[in-house]
J.: 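This is the structure, below, for whatever I ask next.
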Amino acid sequence: MSLVVDLFSVVAIGAGVFFFLAGTVGLLRFPDPLSRLHALTKADNLGLGLVVLGLLPRSESLLSALKLIAIWALVQLAGATAAQLVGRAVRRKGTAA
Amino acid sequence: MTSATLAGLIGAVLVGLGLYGLIANPQPLRKILAFNLMGSGVFLVFGIVARKGAAAGLQADPVPQAMVITGIVVAFAASALAVALVLRLFEAAGRATLDPDAWAKPPDGGAGAE
Amino acid sequence: MSVLQALDIGLAFLVFAVAAWTIFAPGAFAATVGYVVYGLLLSLVWIRLFAVDVALTEAAIGSGVTGVLLIGAAARLRAAETAGSEKSLSGSPRLLVAVLCVLVAMALAGVVLLLPDQGPSLAPQSMQHLPETGLGNPVTAVLIAYRAFDTMLEKVVLVLAVVGVWSLAADQYWGGAPGEARAERPEPTLAFLAQILAPLGILVGIHVFWVGADAPGGAFQGGAILAAMWIIVMMARLTEAPQTEAFWLRLALVAGPVVFLAAGVAGAIFAGGFFAYPPGFAKPAILFIEAFMVLSIAVTLPMLVAGPPRREPRQ
Amino acid sequence: MTEFLLATAGVILFTVAVGLVRILGGPGDADRLMAAQLIGTGGIGALLLISAATGAHGVEDVALGLALLAAFASAAFVNSAAPAEAPDPADGR
């Protein structure tokens, strides 16, 4: 049983790390702020989401599992709104920002 | 080297960096930042004292931890007061420099400081 | 070298690099963003030192609330930055300062390396008396019971800081409200964020305060999270900062220290010592004091971020 | 398994650090705010992984606090930049 849980964690967390990597590569490679913003949100949503998914079966109690999900949801909210706010600031200033 | 010692070394480096910024950066806001950096370096050095005092089933001595918590809050209060002072200076005089030579000259337009 | 050691070294290097960025960054705004990043990394370091209470404080105050304060200030001071061509220290004085700072850092590092592996500790004593307080978190016991006087005075410092900030107001604004006015049409994204975040954050803040008796958390951390929620609602301009002459506001600001001091005096009368808690009644007394501290912190921090009054008082 | 969790935390911190190098330097303020956002997400991920590996208690609350405050830097920036960019009629005195 624990082997299955471990395997699940390894796959999910590994996939999460991949999205963090992809987000960073996007940050490095994309030419303008808006597309860099797009790359960044991938790390927020999928990267952390998959890491949380991988940690879920390892949590000690139901409350801590719920907290993990809440953390992910809050980061989603923060990432989405911050991307909106920053994106709007970029557009207001033109492409120079 | 334990992680506690490593954190303490980083604390020492932060104090040095903060001190340098405090002296060498001319802008008051940058000085506030540097001062905060120095403060957190001191907290870290104190934090490893807590970690090295791990005993009685605790992973760190609670007394230094509690003092660092109070310290963080007081450091914030001090920074807020300092930021308010700088912003007020800027509002009243249109500039926020600490350079005495700049204050000796009237500002552009000769409006003077209120 | 184990994986954990490699991680610690990497983290230390990252902290150092970001700290150096906040000192050497080309502009004030870049430096402040660096400071926010730095605060977050520092709470990771505190986790590695197993000081979770401190990590929570650093996360809420060191990174979050201080970040709002500094980023706001940097954005407002941008005009000053471009206008003033300030002389940076250069040449040999700069070198001298650098040498001095390296020496200070090296001396401190030497002290750190000379520390014994097992230092003197008050942990046994604090654990020994923990049952008398009825608490499960020794850090909270130190803050509210063993070193209560210290914590009470620290609350007074916060009130004094608010008095200091308010006293910077121009004469005609004395007693008025700080910060921006309530917007007719708030920025929709920010308003959305504040409307969803604030109820959740209030829940988390009260939770952190409540579990602080037995687990990492407590009045400071809970109060700081509540304060952050008020700050975000004010930033979204869904509500405006209260008039600084409002009686309820002033009452809330001093409630923490006043209740704390009253409890200390009551201890001198009923329990045989200043800040002594009567046996068997310690935990309710501590939670009672803490509740007022949470209130005061949740009101003080936003007032410190909002700055001095900038509008004339309404009649 | 512990080693795996710590190693992934390290990899996340490393990628985040590489990203920081790119965006903390700018060119614009928007990029710098992205740095704060990126370290927020990566830091929370690393925090959760480290706490799962080392068994430090109460770390979820720290991550929860960080997640609550993750958007604050961007919000503060927009809040302080907005009045100068587009004057709000409600703002004028």
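Just so we're on the same page: letters track the sequence lines, and every chain starts at 1.
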J.: For chain C, find which of B/S40, B/G11, B/A34 contributes the most heavy-atom pairs closer than 4.5 angstrom.
T.: B/S40
J.: Is the count of non-hydrogen atoms from other residues, nucleotides or ligands lying under 6.0 Å from B/F35 atom CZ greater than 12?
T.: no
J.: Among B/G16, B/G8, B/A12, B/A7, single out the residue with the greatest number of heavy-atom pairs under 4.5 Å to chain C.
T.: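 With the most close heavy-atom pairs to chain C, the winner is B/A12.
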J.: Please flag which part of B/A50 lies under 4.5 Å from any non-hydrogen atom of chain C: side chain, backbone, both or neither.
T.: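 Neither part, no heavy atoms under 4.5 Å.
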J.: Should B/F43 and B/F46 be marked as a ring pair (Phe, Tyr, Trp, His ring centres under 6.0 Å) after you check the CA-CA gap, both sets of side-chain angles, and the distance that decides it?
T.: CA-CA 5 Å; B/F43 294 152; B/F46 204 32; 8.5 Å; no
J.: Checking side chain to side chain contact (heavy atoms under 4.5 Å, CB included) for the pair B/I69/C/Q221: CA distance, chi angles, key distance, verdict?
T.: CA-CA 9 Å; B/I69 290 173; C/Q221 296 88 348; 3.7 Å; yes
J.: Can you say whether B/V73 sits under 4.5 Å from chain C via the side chain, the backbone, both, or neither, judging by heavy atoms?
T.: both
J.: What part of C/V104 gets within 4.5 angstrom of chain B, counting heavy atoms only: side chain, backbone, both, or neither?
T.: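 Answer is side chain: those atoms of C/V104 sit under 4.5 Å from chain B.
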J.: Relative to chain C, which segment of B/L37 carries a heavy atom at a distance below 4.5 Å: side chain, backbone, both, or neither?
T.: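 For B/L37, heavy atoms of backbone and side chain both lie under 4.5 Å from chain C.
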J.: Which atoms of C/R147 are under 4.5 Å from chain B, going by heavy atoms: the side chain, the backbone, both sets, or neither?
T.: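 Side chain of C/R147 only, per the 4.5 Å heavy-atom cut-off to chain B.
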J.: Among C/T66, C/T300, C/V157, which has the most heavy-atom pairs under 4.5 Å with chain B?
T.: C/T66
J.: Locate the shortest heavy-atom distance separating C/G164 from B/L81; write the atom from each residue and the value.
T.: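 Scanning both residues completely, I find the closest heavy atoms to be C-CD1, 3.5 Å.
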J.: What part of B/V15 is in contact with chain C, defined as an atom under 4.5 angstrom from a non-hydrogen atom: side chain, backbone, both or neither?
T.: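 The side chain, not the backbone.
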J.: For B/V74, which atoms come within 4.5 Å of any heavy atom of chain C: side chain, backbone, both, or neither?
T.: both
J.: Taking side chain as everything from C-beta outward and backbone as N, CA, C, O, which of these in C/F220 sits under 4.5 Å from a heavy atom of chain B? Side chain, backbone, both or neither.
T.: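 Side chain only.
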J.: Does any backbone or side-chain atom of C/V65 lie under 4.5 Å from a heavy atom of chain B? Answer side chain, backbone, both or neither.
T.: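 C/V65 touches chain B through backbone and side-chain heavy atoms alike.
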J.: Count the heavy-atom pairs under 4.5 Å between each of B/V45, B/V86, B/L85 and chain C, then report the option with the highest count.
T.: B/L85
J.: Which bit of B/L33 is near chain C, if near means a heavy-atom gap under 4.5 Å: side chain, backbone, both or neither?
T.: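 Looking at B/L33, backbone and side chain both touch chain C.
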J.: Sort C/E58 into side chain, backbone, both or neither according to what part of it lies under 4.5 angstrom from a heavy atom of chain B.
T.: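 For C/E58, the contact with chain B is made by backbone and side chain together.
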